[in-house]
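The block underneath contains the structure these notes are about, expressed in structure tokens.
The first residue in the sequence is number 1, and the count goes up from there.
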Amino acid sequence: MTTPSEQAADEQRDPGLSAIMSERRQLLNLAYRLLGSLADAEDVVQETYTRWYAMSRAEQEAIESPGAWLTKVASRICLNLLGSARVRRETYVGEWIPEPLPDPAEWIAGAAGGAGGDPADRITLDESVTMAFLVVFESMTPAERVAFVLHDVFRYPFAEVAEIVGRSPAACRQLASSARRRIAAARAEASPNAARQASVVRRFKAAWEAQDIQALVGLLDPDATAIADGGGRAIAHLLPIEGAEQIARFYLTIAGLAPPRTILECSVNGLPGLVVESGGRIETVFAFELADDDRIKHIWAVRNPDKLRPWRLS
């Protein structure tokens, strides 16, 4: 990581460096929402800055709004990656779940410079970055996703979105509208509330630890779905488990087979969730979505160690 003295020296050589680097958080937030992967988002930001510094000083100074230029480039890189990601995920082992993020205060990712990290390398958590939102984003076309995130989340006008997506403003308005309908349909029965979810997750944890199947079934929606992502790098059920009793029985089975582990309450993408710790490392991160009656409708369990990099214990 650049030290304050090194950064000051760089700014003397390039007075515009501070303004350019101040866009980093915005670019990282944008790329993570579009891609659902912190690692990919960091690569996009790095590539964006590489393209900026590949230009001559005269070319840089000719750009009226460097921030807008960086956003446009990052968005186009994401758009290209979204197209190729669909192909890659056809060969992915099991289900693919977006990469979960801890609360910014808990963020100790290696890319963020170790414990404490750089605030500029943290994702701002809000409803648009909850696991439920990111999963719905996966059902959208790349163009829908980019149009919705740029306009509805980051408030870019459709005229600017059109330049990035390569379609007319009217077409981008339709893309964003289609994305909103997908979100409304997927979340019609969901009612995200951190306080209520914390209570439900705490009771789920207690019932799981007590191996109380009736309590677990009572906390789950009858049509609940549990999805796990091991990516071929960790043991995980390859297909979704559907139904409250089936999920409860499966979770109690794995609890009985696994060696002693510690289950901890934590924030996952801005909402209460759980992590399973064993031998000094986080091996599973659980995200939840509740139905309106406060029963658990969706469980997402991420076990792929490549996606748990920000969860390394200090």
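Using a 4.0 Å cut-off between charged nitrogen and carboxylate oxygen, Asp126 and Arg33 count as a salt-bridge pair. Salt-bridge annotation for Lys307 and Asp229: present, with a side-chain N of the basic residue lying under 4.0 Å from a carboxylate O of the acidic one. Contact check on Arg281 versus Glu277 returns no salt bridge, with no Lys/Arg side-chain nitrogen under 4.0 Å from an Asp/Glu carboxylate oxygen. A salt bridge links Glu138 to Arg89: one of the charged nitrogens lies within less than 4.0 Å of a carboxylate oxygen.
Cys78 and Val44 make their closest contact through SG-CG1, 3.9 Å (heavy atoms, listed as atom of the first residue, atom of the second, distance). The two residues Leu220 and Ala244 have their closest heavy-atom pair at CD1-O, 3.4 Å. Among all heavy-atom pairs drawn from Asp152 and Ala176, the shortest one is OD1-CB, 4.1 Å. The two residues Ile213 and Ala248 come nearest to each other via the heavy atoms CG1-CB, 4.0 Å.
In this structure, Leu290 CG and Asp221 CG are separated by 10.0 Å, a value rounded to the nearest 0.5 Å. In this structure, CG in Leu175 is found 6.0 Å from OG1 in Thr141, a value given to the nearest 0.5 Å. Note: Leu252 CG to Leu216 CG = 5.0 Å, rounded to the nearest 0.5 Å. Here the straight-line distance linking atom CZ of Arg196 with atom CG of Asp294 works out to 4.5 Å at 0.5 Å rounding. If you take OH on Tyr49 and CG on Leu70, they are separated by 5.5 Å, rounding to the nearest 0.5 Å.
Transitive grouping of hydrophobic side chains (ILVMFWY, heavy atoms separated by less than 4.5 Å) brings Ile254 and Leu219 into a common cluster.
Between Phe286 and Trp208, the ring planes lie perpendicular to each other; the angle is over 60°, past the 30° to 60° tilted range. The aromatic rings of Phe133 and Phe137 sit perpendicular, their planes meeting at an angle over 60°, well past the 30° parallel limit.
A donor-acceptor contact closer than 3.5 angstrom is absent between the side chains of Glu242 and Thr225. Looking only at atom types and distance, the side chain of Thr71 has a donor-acceptor partner in the side chain of Tyr156 under 3.5 Å away. Checking Ser177 against Arg181 by side-chain atom types alone, a donor-acceptor pair falls below 3.5 Å.
By the 4.5 Å heavy-atom criterion applied to side chains, Val268 and Leu274 are not counted as neighbours. Residues Thr284 and Val302 are not in side-chain contact: their nearest non-hydrogen atoms beyond the backbone lie 4.5 Å or more apart. You'll find the side chain of Phe148 stays beyond 4.5 Å of the side chain of Ser178, heavy atoms only. Contact check for Leu35 versus Leu82: side-chain heavy atoms found under the 4.5 Å cut-off. Between Asn304 and Tyr92, the closest side-chain pair of non-hydrogen atoms falls below 4.5 Å. Between Trp300 and Pro98 the shortest side-chain heavy-atom distance does not fall below 4.5 Å. Taking 4.5 Å as the limit, some side-chain heavy atom of Pro100 sits within range of a side-chain heavy atom of Leu308. Phe288 places none of its side-chain heavy atoms less than 4.5 Å from the side chain of Leu271.
More than 12 heavy-atom neighbours from other residues, nucleotides or ligands sit within 6.0 angstrom of CZ on Arg182.
For residues 17-39, no pair satisfies ring-ring contact (aromatic ring centres under 6.0 Å, His included), with sequence neighbours left out.
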Can you give me every donor-acceptor pair (side chain of residues 231-239, partner residue at least two apart or in another chain, under 3.5 Å) with its distance?
residue, atom, partner, partner atom, Å
Arg233, NE, Asp306, OD2, 3.2
Arg233, NH2, Asp306, OD1, 3.0
His237, ND1, Leu239, O, 3.0

Give the intermediate values and the outcome of salt bridge (charged side-chain N to carboxylate O under 4.0 Å, His left out) for residues Glu265 and Arg202. CA-CA 7 Å; Glu265 298 177 37; Arg202 188 170 298 118; 3.2 Å; yes

Go through the steps for Glu42 and Arg309 under the test salt bridge (charged side-chain N to carboxylate O under 4.0 Å, His left out), then give the verdict. CA-CA 13 Å; Glu42 290 170 338; Arg309 193 166 45 92; 3.1 Å; yes

